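Following: one structure in structure tokens, then a few remarks.
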2 protein chains.
Amino acid sequence: MKTDRNKQLLGLLAKNVRSLRKNIGLSQEDLAFQCDIDRTYISKVERGIANPSLLVLSRIAEILQVEIKDLIKKK
Amino acid sequence: MKTDRNKQLLGLLAKNVRSLRKNIGLSQEDLAFQCDIDRTYISKVERGIANPSLLVLSRIAEILQVEIKDLIKKK
DNA sequence: ATGTGACTTTAAGTCCGTG
DNA sequence: TCACGGACTTAAAGTCACA
């Protein structure tokens, strides 16, 4: 798999998750708990160093009350 | 991670990838080659038994000439 | 041209801790 | 509350032979 140029996508995801999470007033721990995902993994997502699976994205989007597409769109 | 109810999403992805691929006149082999992904992995995605990462989705969307959101939307 | 099973390897994702 | 690391465990990524 070529990961190369698509890594900017992870940075985009990172920023969106962080801002959406803060908008809703959750800590990383809160979000992690509600998503049933490890808190350190949420931290990695928000730092752009995790490449989450579709089902993980789905869980995060659900708790943040947005669509998956909102997690990866540039605003 | 709770994978449970979100698995319908994989079925949605499956259908969309298959139809988008056919629309563009590609075989699984063609798509796989261009994505630099194994043919059998594309097969798994189209059968809804793979839970691809964001970067894999990104590669597939790129070759199918659509946005990632188009891969998971119900039409 | 595709589905499938049985793999091996890599990365996703966890857990426990520190500053 | 979060960044970050090390040592894990599990699942995704990727390969192969065959129907």
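So that the names make sense, note that chain A is the first sequence line, chain B the second, and so on, each numbered from 1. The structure presented is a predicted model; accordingly, all values stated were derived computationally and were not measured.
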Quiz item: Looking at B/E67 and A/K69, does any basic side-chain N land under 4.0 Å from a carboxylate oxygen?
Solution: no
Quiz item: The side chain of A/R21 lies closest to which of these nucleotides: C/dC15, D/dC2, D/dT15?
Solution: D/dC2
Quiz item: For the pair made of CG in A/D38 and P in C/dG17, what is the distance, rounded to whole Å?
Solution: 13 Å
Quiz item: Between B/S43 and C/dG3, does any side-chain N or O lie under 4.0 Å from OP1 or OP2?
Solution: yes
Quiz item: Whole Å only: how far is the CG atom of A/L57 from the P atom of D/dA11?
Solution: 17 Å
Quiz item: Taking atom P of C/dC15 as reference, at what distance in whole Å does atom CD of A/Q28 sit?
Solution: 17 Å
Quiz item: Which atom names give the shortest non-hydrogen contact between A/I24 and A/L64, and what distance separates them?
Solution: CD1-O, 4.0 Å
Quiz item: Considering all heavy atoms of both residues, which atom of B/L9 and which atom of A/S58 are nearest to each other, and what is their separation?
Solution: CD2-CB, 3.5 Å
Exercise. Verify the contact: side-chain N or O of A/S53 to OP1 or OP2 of C/dG13, cut-off strictly under 4.0 Å; return yes or no.
Key: yes
Quiz item: Taking N and O atoms by type only, does the side chain of B/K44 place a donor or acceptor under 3.5 Å from a partner on the base of C/dG5?
Solution: no
Quiz item: Given C/dG5, is OP1 or OP2 found less than 4.0 Å from the side-chain N or O atoms of B/R47?
Solution: no
Quiz item: C/dT2 P sits how many Å from B/E46 CD, rounded?
Solution: 7 Å
Quiz item: OP1 or OP2 of D/dT1 less than 4.0 angstrom from a side-chain nitrogen or oxygen of A/R18, does that happen here?
Solution: no
Practice problem: Using only heavy-atom distances, decide whether a donor-acceptor pair under 3.5 angstrom links the side-chain of A/R59 to the base of C/dG13. | Solution: no
Self-check item: Whole-angstrom distance between D/dA19 and C/dT8, as gauged at atom C1'
Solution: 23 Å
Quiz item: If you measure from the P atom in C/dG13 to the same atom in D/dG14, how many Å do you get, rounded?
Solution: 14 Å
Practice problem: Provide the Watson-Crick or G-U wobble partner of D/dT1, both distances under 3.5 Å; none if there is no partner. | Solution: none
Exercise. Mind calculating the distance between CD1 (B/I49) and C1' (C/dT4) to the nearest angstrom?
Key: 8 Å
Quiz item: How many Å lie between CZ on B/F33 and P on C/dT2, as a whole number?
Solution: 16 Å
Quiz item: Ignoring hydrogens and angles, are the base of C/dG3 and the side chain of B/R39 linked by a donor-acceptor pair under 3.5 Å?
Solution: yes
Quiz prompt | Between C/dT9 (P) and B/I37 (CD1): distance, integer Å | solution = 21 Å
Practice problem: Provide the closest heavy-atom pair for A/P52 versus A/L57 in the form atom of the first, atom of the second, distance. | Solution: CG-CD2, 3.7 Å
Quiz item: Using a distance-only test with no angle check, is there a side-chain donor-acceptor pair under 3.5 angstrom linking A/R47 and A/S43?
Solution: yes
Self-check item: Between C/dA1 (P) and B/E29 (CD): distance, integer Å
Solution: 6 Å
